[in-house]
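To start, the structure under review is shown below, and the notes come after it.
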Amino acid sequence: MPLRLYNSMSSQVDEFRPLSDNEVRMYACGPTVYDYGHIGNFRTFVAVDILRRVLVQSGYKVRHVMNITDVDDKIIRNAARDGVTVQQYTAKYEKTFLEDAAMINIEEPILVRATEHIQEMSEFVRRLVEKGIAYRAEDGSYYFRIAKFPQYGKLSKKDFSGMLDGARVDVDDYDKDSARDFALWKAPKPGEASWETPIGRGRPGWHLECSVMSMEELGESFDLHAGGEDLLFPHHENEIAQSESLTGKPFAHFWFHARFLLVEGEKMSKSLGNYFTLRDLVLKGHKPSSIRYLLASVPYRNQLNFTFDGLKQAAVSVERLRNFRLRLSSGNFPAGANPDMQRLASETTDRMREALNDDLNTAQAQAAIFEMVRQANAAFDTGAIRKDDVAPLLAALAKFDEIFAVLDDDDVPKMKRVLDWARAEGREKDISAALREAVQAGELSDSAIESKIAEMKAARASRDFKTSDRIRAELTDAGILVEITKDGIRWRRK
RNA sequence: GGCGCGGUACCCAAGUGGUAAGGGAGAGGUCUGCAAAACCUUUAUGCGUCGGUUCGAUUCCGACCCGCGCCUCCA
């Protein structure tokens with residue numbers, strides 16, 4: 001039951017087999033670090049993270065490389081606006097991007113930065129010029145001549161045959177030979193960041209970065225290249241053109257594209273007022289685990305409608321799973337094993353595996369785990385779960401969480417970091433009451449809570465429900481949920 | 001205009017040529033000193049509209065309506 005993935009190159013779901021036996025070499029286009037990351041960015045990165053985790057769970061060794069684009073027009077412009085160097089400017093946003101990714105449990109790939117590979121990029125251009133594929137314009141910029149790459153358009157399924165005869169098209173701004181020829185290297189403009197290289201002074205074009213860094217880290221041919229759906233054309237098309245015309249070998253074998261999300265049914269945009277960074281959502285009091293769960297719950301090739309209602313629903317779903325785990329791990333069970341539960345656990349594991357192998361169908365994997373939770377809870381209520389059933393059920397849950405990564409409750413410390421950040425940035429007014437409350441629940445130490453619980457137990461022993469209820473209410477106000485069960489009193493942070 | 005994706009219950013959202021996963025929300029119930037948690041029952045003869053193919057279509061084909069994407073910086 002091998003992994004099957006949609007390949008944008010073949011336009012169909014194909015069986016995924018890496019070029020070498022056990023290792024998968026994948027490259028993902030990362031962020032341009034000019035601002036805080038928004039939830040659309042993170043939809044894509046969560047999708048790639050899930051792919052990576054599925055590959056690891058399948059037993060592959062994964063070499064996952066992601067670039068940080070730390071020089072481009074926007075960065076240069078914003079840095080100038082703020083009166084800082086490009087390096088100072090990008091350092092801040094690279095850091096915040098990585099913090100945000102970690103906040104929603106995205107495992108960190110091997111990072112490569114454009115500005116650390118300038119010489120290699122110039123060398124790449126030089127070799128393309130030598131082959132007659134690239135040419136230098138009068139201003140010192142270099143362009144790729146797409147007429148030299150007849151397969152141009154094979155990824156995006158566009159027909160450029162009309163341009164392959166080298167027909168000259170007049171373009172106002174540049175002295176390109178053809179309108180479609182794209183920039184490999186940009187000559188410096190006054191005041192812009194630029195580097196001295198053997199091909200002249202300037203800076204790399206965006207497409208060039210990814211070709212150079214991916215091949216350097218992964219070889220001339222590698223397994224999979226990922227990115228947002230918008231990158232399919234021209235970015236990835238151009239990467240293919242540059243790379244394959246230079247090496248004469250196939251570049252990436254699989255092309256993985258994540259679809260854009262909608263926010264409240266509309267395209268996310270600043271003008272519509274539905275543009276949210278990850279931090280905006282946490283400031284509103286939403287948990288990182290809710291955000292990750294929602295982003296992961298719709299298969300990556302479908303449009304995901306991101307809504308605040310959905311975010312609340314995601315929070316409840318995560319709670320339900322966490323509750324189930326707590327129930328299993330804290331309950332008392334009679335000795336022995338129940339074959340039904342053993343079977344339930346293994347069938348669920350299989351169903352999740354099948355769902356994920358089917359082009360990462362996360363929705364079906366979730367359906368499988370909830371089916372197990374419901375049945376196991378029902379068995380729990382009738383006392384049908386035995387001691388030896390607990391481990392396999394927890395193992396199935398752990399398999400689920402190896403992919404979804406939402407069960408461990410570290411939301412509060414993460415939210416506290418965002419709160420501290422907002423204060424440090426002078427954004428006090430953006431901190432919601434919900435966030436303050438959530439963080440407050442984390443201020444009460446475990447031992448302080450335990451002593452309150454002990455008081456409750458003592459009061460209940462003498463049937464002093466009034467005192468017990470008062471303490472419970474206090475804890476509830478402090479954001480601690482207290483549950484009285486037949487196995488004793490259980491608590492957790494909301 | 002060219003190319004592509006989608007329209008499934010109150011909301012989110014899978015899926016299939018043979019009669020609709022899962023989650024949330026709502027209603028009723030069980031349990032409970034009360035809560036909480038959990039479980040049970042219940043909520044689409046119906047899957048954008050209209051035709052066609054078929055023994056049979058939500059699933060295939062066609063037209064139309066609506067939403068969205070790429071074609072230019074964009075995850």
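Keep in mind the model is a prediction, meaning the values are calculated, not measured. Letters go in sequence order (proteins before strands), and every chain restarts at 1.
- For the pair A:Arg490 and B:rA38, the criterion of a side-chain N or O lying under 4.0 Å from OP1 or OP2 is not met.
- Comparing atom distances between the A:Lys267 side chain and each of B:rC39, B:rA75, B:rG69 picks out B:rG69 as nearest.
- When each of A:Tyr293 and A:Arg492 is assigned the nucleotide of RNA chain B bearing its nearest heavy atom, the one mapping closer to the 5' terminus is A:Tyr293.
- A:Phe42 does not qualify as a stacking partner of the B:rA75 base, lacking a centre-to-centre distance under 5.5 Å together with planes within 30°.
- Between A:Asn41 and B:rC74 there is no side-chain N or O to OP1 or OP2 distance below 4.0 Å.
- Backbone-only contact: A:Glu371 has heavy atoms under 4.0 Å from sugar-phosphate atoms and none from a base.
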Revision key, fill the gap. Encoded 5' to 3' (Watson-Crick or G-U under 3.5 Å; [ ] crossing; | other strand), RNA chain B becomes (((((((..(((.....[...))).(((((.......))))).....(((((..]....))))))))))))....

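- Look at CD1 on A:Ile489: it is 14 Å from P on B:rG33, rounded to the nearest Å.
- The existence of a salt bridge linking A:Arg325 and A:Asp408 is confirmed by a sub-4.0 Å separation between a basic side-chain nitrogen and an acidic carboxylate oxygen.
- Look at the P atom in both B:rU72 and B:rA14: the space between them is 30 Å, to the nearest Å.
- What separates CG of A:Asn323 from P of B:rG23 is a distance of 15 Å, to the nearest Å.
- Using a 4.5 Å heavy-atom cutoff, the side chains of A:Met372 and A:Phe324 are in contact.
- Which of B:rA75, B:rG2, B:rC40 sits closest to the side chain of A:Arg374 comes down to B:rC40.
- An aromatic stacking contact between A:Phe45 and the base of B:rA75 is absent, as defined here by ring centres under 5.5 Å apart and ring planes under 30° from parallel.
- Taking atom C1' in both B:rA57 and B:rG18, one finds a spacing of 9 Å when rounded to whole Å.
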Got a list of protein N/O to nucleotides 4-10 of chain B N/O distances below 3.5 Å?
{"residue": "B:rC5", "atom": "O2'", "partner": "A:Arg259", "partner atom": "NH1", "Å": "3.0"}

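- A gap of 14 Å separates the P atoms of B:rC11 and B:rG48, to the nearest Å.
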Can you pull every protein N or O that's under 3.5 Å from an N or O on nucleotides 42-44 of chain B?
none

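- For the pair A:Arg320 and B:rA37, the criterion of a side-chain N or O lying under 4.0 Å from OP1 or OP2 is not met.
- Atom CD1 in A:Ile471 sits roughly 19 Å away from atom P in B:rA36 (whole-Å rounding).
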